[in-house]
Amino acid sequence: MKNVVIGFLGSAKDSMGRGKKRWQLWRPSVACVMQPELPVDRFVLLHEQRDSRLANNVGTDIIEVSASTEVQLHQVSLPDPWDFAQVYAVLLDFAEHYPFNPEEERYFLHITTGTHVTQICWFLLCEANYIPAALMQTAPDREGRDPAGTCQLIDLDLSKYDALSSRFRRQHLEGADFLKSGIDTRNGQFNAMIQQIERVAIRSSAPILITGPTGAGKSQLAKRIFQLKQRRGSVRGDFVAINCATLRGDSAMSALFGHQRGAFTGAQQARKGLLARADKGLLFLDEIGELGLDEQAMLLHAIEEKSFYPVGADHPVQSDFQLIAGTNRDLQLEVEAGRFREDLLARINLWSYELPGLRHRREDIAPNLDYELQQATQLLGYKVGFNRTAREHYLQFAQHGDALWLGNFRDLNASVQRMATLAEGGRINEDIVAEEKQRLQRGWRRQPAEDLPALDEVLDAEQLASIDLFDEYQLRKVIAVCRDSASQSEAGRRLFNRSRERKSSSNDAHRLRQYLARFGLVFDDLNK
């Protein structure tokens with residue numbers, strides 16, 4: 001394989017010395033061909049027209065040092081070598097037109113010469129694979145006596161640098177751990193989702209849509225995303241949050257976009273809206289599905305144009321904010337019902353993540369319980385914890401299929417706060433756990449009647465005409481449990497939660513499969 005060096009003429013350092021004296025001095029371009037471990041077959045020397053004479057002289061000296069090296073002088077035009085856009089455009093044009101042949105040639109970008117802007121542009125083009133090269137950096141030796149100096153090759157494949165790769169992996173994991181508030185979660189799908197959110201939060205300023213049931217942690221995650229962006233320098237403004245369910249009537253427009261004095265009755269002072277307050281920062285609109293259509297239209301304009309009109313204003317206000325939206329609704333169904341704008345959904349749905357409820361992450365209840373105990377300790381000012389038996393009883397209850405956790409993490413937080421408050425000396429015992437279990441179960445039973453799925457979603461007209469009322473309600477409940485379960489086995493455990501305890505061995509999934517087969521149904525089809 002031939003070795004090809006590409007680099008700029010160093011108008012200052014390459015011109016050092018005259019006559020025989022120049023051979024005693026380190027000159028970066030000439031030094032490239034003086035490295036015994038790297039014979040150079042071709043040197044592509046870029047230069048400006050005003051430096052043509054120097055380029056010819058340096059080319060001649062390169063050949064004199066290394067007779068086997070072919071020198072190609074390539075003239076470029078850089079009126080301002082410190083103008084980033086100009087330099088990048090010129091070098092990109094060079095990269096796109098140069099006949100690279102990586103199967104037969106190895107390429108090295110000499111980054112020692114040229115302005116700092118030139119060196120940065122070389123790096124970017126190399127990193128983006130416009131130029132299939134390793135970076136080459138030459139330098140004079142410490143004593144300045146060897147005209148060959150030193151040479152270092154930098155391969156941008158970071159996987160070859162164990163220390164760097166390890167550091168990047170550690171930083172990545174630290175970012176994901178930060179988003180989880182340091183909780184050692186065990187649910188594989190949830191952890192994978194958080195790791196992707198970490199990458200998106202750092203690399204993108206596009207809107208993020210977080211869906212999931214009430215209490216699943218949407219607000220907490222949005223705040224942590226903001227803090228991560230703040231730590232990495234991608235936002236400089238504030239975190240501004242609002243629950244859109246609290247915005248009603250005329251006040252919604254004013255709260256979001258602000259108003260001018262006298263814009264409407266009672267507007268005695270001008271008001272700066274939430275979007276303006278979020279300039280250079282992050283705006284979190286929780287329950288965005290509650291916004292009216294007029295507010296949705298103005299929000300879409302503000303997202304796309306970074307400007308909007310406060311109520312009663314003749315001139316727009318600029319606000320460059322990043323957006324996270326949260327909802328417990330299916331916004332696609334809201335679009336079909338005419339309650340949510342399709343164009344707004346398309347705009348905020350570039351990155352969409354669904355947070356699972358607590359009952360779908362039962363393996364994460366234990367680490368979240370420890371987190372809530374830490375929070376209770378900080379709040380109360382003394383150590384709070386379970387005795388061993390009480391903790392086992394609580395986790396057995398919390399992780400069982402009967403534990404509905406309808407309020408998700410809000411239920412867990414409230415539960416720990418109650419037990420911590422009642423615990424003498426901060427020690428939660430079996431009696432406190434038994435009382436708390438009853439309190440939670442009573443609360444879940446008092447929840448409104450559930451909205452069960454309609455059978456016409458899964459049965460045809462002939463089946464619907466022949467099904468008994470008894471079977472109709474039972475089947476609707478079974479379908480609801482199936483759709484709310486991560487697997488057929490989990491659904492079986494929940495549906496046969498009493499009878500399974502009387503069997504020495506119980507295949508709940510098989511029993512559920514047989515029941516569904518009576519109606520021609522399959523579990524996987526119900527969850528599509």
Side-chain angles (χ1 to χ4, degrees), residues 2-19 22-23 25-35 38-102 104-140 147-149 151 153-154 156:
K2 293 184 177 180
N3 294 325
V4 179
V5 174
I6 302 171
F8 260 95
L9 176 72
S11 57
K13 294 180 179 179
D14 277 335
S15 63
M16 293 178 64
R18 297 183 181 279
R22 70 184 189 276
W23 296 110
L25 302 174
W26 174 79
R27 292 178 292 166
S29 294
V30 177
C32 288
V33 298
M34 301 176 73
Q35 309 302 319
L38 183 66
V40 178
D41 297 283
R42 184 165 66 254
F43 198 126
V44 182
L45 190 62
L46 281 67
H47 66 92
E48 298 187 63
Q49 183 178 9
R50 65 174 180 268
D51 295 321
S52 295
R53 182 176 179 181
L54 175 62
N56 278 296
N57 291 339
V58 170
T60 300
D61 284 353
I62 288 174
I63 295 174
E64 185 170 345
V65 172
S66 176
S68 61
T69 300
E70 174 193 359
V71 176
Q72 292 183 353
L73 301 181
H74 187 93
Q75 183 175 305
V76 295
S77 177
L78 287 174
D80 184 0
W82 294 96
D83 184 285
F84 190 94
Q86 185 185 117
V87 173
Y88 188 85
V90 168
L91 296 187
L92 176 61
D93 182 70
F94 167 81
E96 289 180 334
H97 290 89
Y98 191 83
F100 291 106
N101 182 12
E104 297 182 6
E105 297 178 336
R106 282 190 296 261
Y107 299 96
F108 304 91
L109 274 181
H110 186 214
I111 62 171
T112 304
T113 52
T115 64
H116 293 322
V117 172
T118 302
Q119 295 165 352
I120 292 171
C121 291
W122 276 140
F123 172 83
L124 293 175
L125 290 168
C126 191
E127 185 185 41
N129 290 322
Y130 281 103
I131 301 177
L135 301 181
M136 180 180 185
Q137 187 172 29
T138 57
C151 177
L153 300 181
I154 306 169
L156 291 183

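Just so it is clear, the values below take in all heavy atoms, side chains as well, and ignore hydrogens, waters and symmetry mates.
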Quiz item: Hey, is the main chain of Asp41 close enough, under 3.5 Å, to the side chain of Glu70 for a donor-acceptor pair?
Solution: no
Exercise. Grab the two heavy atoms, one from Ser77 and one from Val90, that are nearest each other, plus how far apart they are.
Key: O-CG2, 3.6 Å
Practice problem: Could you check Leu54, Val76, Leu46 and say which one makes a side-chain contact (heavy atoms from CB on, under 4.5 Å) with Leu9? | Solution: Leu54
Quiz item: For the atom pair CG (Leu153) and CD (Gln35), what is the distance rounded to the nearest 0.5 Å?
Solution: 9.0 Å
Quiz item: Do Leu91 and Phe8 touch side chain to side chain, with heavy atoms closer than 4.5 Å?
Solution: yes
Exercise. Please report the closest heavy-atom contact between Thr69 and Ile63, naming both atoms and the distance.
Key: O-CG1, 3.8 Å
Self-check item: Gap between atom CD1 of Ile111 and atom CD of Gln137 - 0.5 Å precision
Solution: 5.0 Å
Exercise. Decide yes or no for Trp23 and Pro147: does some side-chain heavy atom of the first lie under 4.5 Å from some side-chain heavy atom of the second?
Key: no
Quiz prompt | Pairwise distance OH(Tyr88) to CD1(Ile120) - rounded to 0.5 angstrom | solution = 12.5 Å
Quiz prompt | Side-chain heavy atoms of Ile131 within contact of Trp122, under 4.5 Å | solution = yes
Exercise. Identify the heavy atoms of Pro81 and Val117 that sit nearest to each other, and give their distance.
Key: O-CB, 3.8 Å
Self-check item: Donor + acceptor pair across side chains of His110, Thr138 (<3.5 Å)
Solution: yes
Quiz prompt | Minimum heavy-atom distance Phe100-Tyr130, with the two atoms named | solution = CE1-O, 4.0 Å
Quiz item: Does a side-chain heavy-atom distance below 4.5 Å link Phe123 with Leu109?
Solution: no
Quiz prompt | N/O donor-acceptor pair under 3.5 Å between Ser66 side chain and Ile62 backbone | solution = no
Quiz item: Can you list every salt bridge (charged side-chain N to carboxylate O under 4.0 Å, His left out) pair that touches residues 104-115, not counting sequence neighbours?
Solution: Arg42-Glu105
Quiz item: Which heavy atom of Arg27 sits nearest a heavy atom of Lys13, and at what distance?
Solution: CG-O, 3.6 Å
Self-check item: Donor-acceptor side-chain pairing of Asp14 and Ser29 below 3.5 angstrom
Solution: yes
Exercise. To the nearest 0.5 Å, tell me how far Phe84 CZ sits from Thr118 OG1.
Key: 10.0 Å
Quiz item: Can you tell me how far the CG atom of Asn3 sits from the SG atom of Cys32, to the nearest 0.5 Å?
Solution: 12.0 Å
Quiz item: So Ile154 and Phe108, side chain to side chain contact (heavy atoms under 4.5 Å, CB included) or not? Walk me through it.
Solution: CA-CA 9 Å; Ile154 306 169; Phe108 304 91; over 6 Å; no
Quiz item: Do you know which two heavy atoms are closest between Ala55 and Leu73, and how far apart they sit?
Solution: O-CD2, 3.8 Å
Quiz prompt | Listed once per pair and sorted, the ring pair (Phe, Tyr, Trp, His ring centres under 6.0 Å) pairs that draw on residues 40-81, sequence neighbours left out | solution = His74-Phe94
Practice problem: Compare all side-chain heavy atoms of Leu38 with those of Met136 and state whether any distance is below 4.5 angstrom. | Solution: yes
Quiz prompt | Approximate separation, where rounding is to 0.5 Å, of Asp51 CG and Asn57 CG | solution = 11.0 Å
